[in-house]
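Each remark here refers to the structure printed beneath this line.
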Amino acid sequence: MATNYKDIGFVNTKEMFKKAFEGKYAIPAFNFNNLEQIQAVINGCGESKSPVILQVSSGARKYADQTMLRYMAEGAMQMAKEKGYNIPVALHLDHGDTYELCVSCIESGFSSVMIDGSHHPYEKNIELTRKVVEYAHKYDVSVEGELGVLAGIEDDVVAAKSIYTQPDEVEDFVSRTGVDSLAISIGTSHGAFKFKPEQCTKNKDGVLVPPPLRFDILEEIEKRIPGFPIVLHGASSVLPEYVNLINNNGGALEAAVGIPAEQLRKAAKSAVCKINIDSDGRLVVTGMIRKIFAEKPEEFDPRKYLGPARDELTKMIIDKNTHVLGSAGRA
Ligand code: G3H
Ligand code: 13P
Ligand code: ZN
């Protein structure tokens, strides 16, 4: 028996993106795989009064099971209500790769899906995306499409080099597919190693500074599809504070580098209405667990290391919403 997301209390992304575009901020889209991550996302967004997109990747579905994650999201909604958090929450499929997967998420209560046809030839991408849009819109579910390929690991697909989105294609793609938002490639990539050290310069503290995002391409895209919501994947900053926490407690993340906060601030003020963050959360959790294991080798109660990891993740989320995305206080 199919469930409509509205009966659970989720919202689609339409209104969120309209407000984000007009208000010149971006909605955070946080990936979750387990209890502590979803608690941190809801608590962090609830405390900072930010709308939020909870997103489920293919790795998350393999790890935790799609049905489990969907009911965790419903539980999180219920908890948010009981805590008095009055924030819009969307449940989104991240990097959906087939029509059937999108249908199964929509039938189970997701309010938004991404159909990532970016690895297909252009016409095949259009055909697949259009098919998903036709189904999703019957239920008022939002659809995100993608044009251009991000370097790095995009779920199970590894691309050696970014293929930037071609501004000449976006108008045709958006009008022929009917998508509600468009993920683009302007130099971001997934994971904690977004740039090779030789692509970067070093600042006075020896921190690697990556080449800037291609804001020129973004501006061209904005001209072709004025007012249309753009999505940035691979947008973690790979915060040096947490990379150091990992490395100072037995980890070995050499040359991890992400997107500097000031570039994300600039993007959030543009047509970019959704910013995807997964790796930053992974780094926080790993750093905190490593620290606790190093300081308290006798500890064996998971609540004693997962709890502090969750609390630090909540802090990081509040900070992102407040100081980077500008979504705090917009719920
Ligand atoms: O799309 C990229 C996300 O970071 C998800 O990665 O499939 O390993 O969970 P994952
Ligand atoms: P990061 O790896 O930069 O966090 O990107 C996550 C993402 O784009 C999920 O779709
Ligand atoms: Zn992504």
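Below, all heavy atoms of this structure are taken into account, side chains as well, without hydrogens, waters or symmetry copies. Order of appearance sets the numbers: ligands from 1, and atoms from 1 within every ligand.
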Within the 4.0 Å heavy-atom shell around [X], which atoms of ligand 2 are there?
X	result
Asn31	9 (C)
Ser279	1 (P), 2 (O), 4 (O)
His233	8 (O), 10 (O)
Ile277	4 (O)
His95	10 (O)

inquiry  = Using the Zn ion (ligand 3) as the vertex, how large is the angle between NE2 of His95 and NE2 of His190, rounded to 10 degrees?
reply    =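 With the Zn ion (ligand 3) as the vertex, NE2 (His95) and NE2 (His190) sit 100° apart.
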
query = Which of the listed options, Lys274, Lys194, His190, holds the heavy atom that is closest to atom 7 (C) of ligand 2?
reply =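 Minimum heavy-atom distance to atom 7 (C) of ligand 2 goes to His190.
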
key: Heavy-atom nearest option to atom 8 (O) of ligand 2, drawn from Gly258, Gly234, Ser236   =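 Closest candidate by heavy-atom distance is Gly234.
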
query = Is Arg282 in polar range of ligand 1, meaning some N or O pair under 3.5 Å apart?
reply =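 There is such a contact, yes.
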
request  = Ignoring angles and geometry beyond distance, decide whether Asn31 reaches within less than 3.5 Å of ligand 1 through its nitrogen or oxygen atoms.
outcome  =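 No.
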
inquiry  = One residue to check: Ala235. Relative to ligand 2, which of side chain, backbone, both or neither has a non-hydrogen atom less than 4.0 Å away?
reply    =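 Contact part for Ala235 vs ligand 2: backbone (N, CA, C, O).
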
ask   = Which is it for Ile259 and ligand 2 at heavy atoms under 4.0 Å: side chain, backbone, both or neither?
value =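 The answer is neither.
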
request  = Kindly give the heavy-atom pair with the smallest separation between Asp278 and Arg282, and that separation in Å.
outcome  =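 Between these two residues, the closest heavy atoms are OD2-NH2, 2.9 Å.
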
ask   = Stepwise, does the ring-ring contact (aromatic ring centres under 6.0 Å, His included) test hold for Phe110 with Tyr5?
value = CA-CA 6 Å; Phe110 282 56; Tyr5 68 87; over 10 Å; no

ask   = Relative to each other, are the rings of Tyr135 and Tyr99 parallel, tilted or perpendicular (30° and 60° limits)?
value =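 Answer is perpendicular, since the angle exceeds 60°.
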
Nearest neighbour in protein (non-hydrogen) for atom 9 (C) of ligand 2 =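 Residue, atom and distance for the closest contact: Asp94 OD2, 3.2 Å.
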
ask   = Tell me, do Val238 and Ile259 make a side-chain contact under 4.5 Å, heavy atoms counted?
value =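 Not touching, per the 4.5 Å side-chain cut-off.
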
key: Qualifying residue for side-chain contact (heavy atoms from CB on, under 4.5 Å) with Ile184, from Leu147, Leu150, Val231, Thr165   =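 Of the listed residues Leu147, Leu150, Val231, Thr165, the side-chain contact (heavy atoms from CB on, under 4.5 Å) partner of Ile184 is Thr165.
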
key: Distance flag, aromatic centroids of His95 and His119, threshold under 6.0 Å   =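 Aromatic pair excluded; centres sit 6.0 Å or further apart.
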
task = Answer with side chain, backbone, both or neither: which part of Asn276 has a heavy atom less than 4.0 angstrom from an atom of ligand 1?
result =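 For Asn276, there is no contact with ligand 1 at all, from either part.
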
Side-chain hydrophobic cluster, 4.5 Å single linkage: members besides Tyr63 =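 None; Tyr63 is a cluster of one.
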
